[in-house]
Amino acid sequence: QVSLEESGGGSAQAGGSLRLFCVASGAALDSSEAMGWFRQSPGKEREFLAIINWRGTSTFYTDSVKGRFTIARANDTAYLYLDSLKPEDTGVYYCARGSGPDVLGGTPRSWGQGTLVTVSS
């Protein structure tokens with residue numbers, strides 16, 4: 001079983017920055033798995049934001065966050081750097097881990113519990 005624990009959410013003004021962290025643990029960790037971030041905004045479905053491969057050498061972002069958010073990882077910890085925040089970035093941010101196709105498709109092996117980000121105008 002794999003456990004993902006997010007932290008770093010909070011409140012920020014539009015144009016500000018936040019840093020999110022996700023630590024993976026558990027006896028069933030597979031070092032070849034990708035890690036990703038998703039967001040669920042109020043009244044909307046959970047959406048994919050970014051993914052990084054197991055080596056940390058390849059990333060992919062959805063268009064709405066490209067150039068503003070940066071995903072990174074160090075072994076079993078994933079990071080999401082949120083810059084130039086907008087009020088529409090408000091939502092619960094979830095960490096995910098699994099095969100690349102599964103994470104991209106929204107069906108990862110593991111989900112975190114989520115961390116809330118609130119951006120005010």
K.L.:
Identify the two heavy atoms, one from Val65 and one from Leu49, that lie closest to each other, and give their separation to 0.1 Å.
P.N.:
CG2-O, 3.7 Å
K.L.:
Could you name each residue pair satisfying side-chain hydrogen bond (donor to acceptor under 3.5 Å, both in side chains) that touches residues 7-22, not counting sequence neighbours?
P.N.:
Ser17-Asp83, Arg19-Asp83
K.L.:
If I take atom OG from residue Ser41 and atom CZ from residue Arg39, how far apart are they, to the nearest 0.5 angstrom?
P.N.:
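CZ of Arg39 is found 4.5 Å from OG of Ser41.
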K.L.:
Could you work out, with side chain to side chain donor-acceptor pair (under 3.5 Å) as the rule, every residue matching Ser31, not counting sequence neighbours?
P.N.:
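Listed in chain order: nothing, the list is empty.
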K.L.:
At what distance, to the nearest 0.5 angstrom, does OG1 of Thr115 lie from CG of Leu20?
P.N.:
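Nearest 0.5 Å value for the OG1-CG distance: 6.0 Å.
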K.L.:
In chain order, what residues pass the salt bridge (Lys or Arg N to Asp or Glu O under 4.0 Å) check against Glu33, with sequence neighbours excluded?
P.N.:
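For Glu33, the residues satisfying salt bridge (Lys or Arg N to Asp or Glu O under 4.0 Å) (neighbours in sequence not counted) are Arg97, Arg109.
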K.L.:
Just grab all the disulfide (SG to SG under 2.5 Å) pairs involving residues 38-86, residues at least two apart or on different chains.
P.N.:
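Counting only pairs at least two positions apart or across chains, no disulfide (SG to SG under 2.5 Å) contact touches residues 38-86.
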K.L.:
Drop me the distance from Tyr93's OH to Trp37's CH2, to the nearest 0.5 angstrom.
P.N.:
10.0 Å
K.L.:
Measure across Ser110 and Val2 and return the closest heavy-atom pair with its distance rounded to 0.1 Å.
P.N.:
OG-CB, 3.4 Å
K.L.:
Check for a donor-acceptor pair, side chain of Asp89 on one end and backbone N or O of Lys86 on the other, with a separation under 3.5 Å.
P.N.:
yes
K.L.:
Any sub-3.5 Å donor-acceptor pair from Arg68's side-chain atoms to Ser84's backbone N or O?
P.N.:
yes
K.L.:
Holding to side chain to side chain donor-acceptor pair (under 3.5 Å), I want the full list of residues that pass it with Glu88, two or more places apart in sequence or in another chain.
P.N.:
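Listed in chain order: nothing, the list is empty.
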K.L.:
Hydrophobic cluster mates of Trp54, side-chain heavy atoms under 4.5 angstrom, ILVMFWY only, any path?
P.N.:
none
K.L.:
Near Gln113 CD, under 6.0 Å, is it more than 12 heavy atoms from other residues, nucleotides or ligands?
P.N.:
yes
K.L.:
Measure from the side-chain N and O atoms of Ser99 to the backbone N and O of Asp102, and report whether any donor-acceptor pair falls under 3.5 Å.
P.N.:
yes
K.L.:
Roughly how far, to the nearest 0.5 Å, is CG of Leu85 from OG of Ser120?
P.N.:
10.0 Å
K.L.:
Write down the atom of Pro87, the atom of Ala14, and the distance for their closest heavy-atom approach.
P.N.:
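Looking at all heavy atoms of both residues, the shortest contact is CD-CB, 4.1 Å.
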K.L.:
When Ile, Leu, Val, Met, Phe, Trp and Tyr are grouped by side-chain heavy atoms lying under 4.5 Å apart, directly or through other members, which residues fall in the same group as Phe60?
P.N.:
Phe38, Phe48, Ile51, Val92, Tyr94, Val103, Leu104, Trp111, Leu116
K.L.:
Main chain of Ile71, side chain of Tyr61: is a donor-acceptor contact present, judged purely on distance under 3.5 Å?
P.N.:
yes
K.L.:
Please, which pairs that meet disulfide (SG to SG under 2.5 Å) have at least one residue in residues 27-121, sequence neighbours excluded?
P.N.:
Cys22-Cys95
K.L.:
With sequence neighbours left out, write down each residue that passes ring pair (Phe, Tyr, Trp, His ring centres under 6.0 Å) with Tyr79, or none if nothing qualifies.
P.N.:
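Partners of Tyr79 under the ring pair (Phe, Tyr, Trp, His ring centres under 6.0 Å) test: Phe21.
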K.L.:
Output every pair passing disulfide (SG to SG under 2.5 Å) with a member in residues 43-83, not counting sequence neighbours, ordered by first then second residue.
P.N.:
none
K.L.:
For the CG atom on Asn75, are there more than 12 heavy atoms of other groups (residues, nucleotides or ligands in this structure) within a distance under 6.0 Å?
P.N.:
no
K.L.:
List the residues meeting side chain to side chain contact (heavy atoms under 4.5 Å, CB included) with Asn53, not counting sequence neighbours, and say none if there are none.
P.N.:
Arg55, Thr57, Ser58
K.L.:
Can you measure from CE (Met35) to OG1 (Thr59) and round to the nearest 0.5 angstrom?
P.N.:
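Met35 atom CE to Thr59 atom OG1 measures 14.5 Å (nearest 0.5 Å).
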K.L.:
Show the nearest heavy-atom pair for residues Leu4 and Ala24, with the distance to one decimal.
P.N.:
CD2-CB, 3.4 Å
K.L.:
So does Thr90 get a backbone contact from the side chain of Thr118, meaning a donor-acceptor N/O pair under 3.5 Å?
P.N.:
no
K.L.:
Lys66: which residues meet the salt bridge (Lys or Arg N to Asp or Glu O under 4.0 Å) condition with it, sequence neighbours left out?
P.N.:
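Salt bridge (Lys or Arg N to Asp or Glu O under 4.0 Å) check on Lys66 returns Asp63.
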